[in-house]
Amino acid sequence: MRCDHCQARSICYYGCRDRHCPQCQGHATEQWSARQRSLLLQVPYFHLVFTLP
């Protein structure tokens, strides 16, 4: 891509639309993560995993 005003060039890659791709979905992932962090209470959290037979 080239700017018509200042003639600066930048490379614009084709998107793969994979949710793990930082080029395609990195910004959306960061926005989602920020929204989720804003919903957390200001208390310590612990993550426990139980495996049952």
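Source: prediction; values computed, not measured.
For the side-chain hydrogen bond (donor to acceptor under 3.5 Å, both in side chains) test with S33, the passing option among R37, Q31, Q36 is R37; the others fail.
Looking at every heavy atom in both residues, Q7 comes nearest to D4 through NE2-O, 3.3 Å.
Using a 4.5 Å cut-off between side-chain heavy atoms of Ile, Leu, Val, Met, Phe, Trp and Tyr, with links allowed through other members, L40 and V43 fall into the same hydrophobic cluster.
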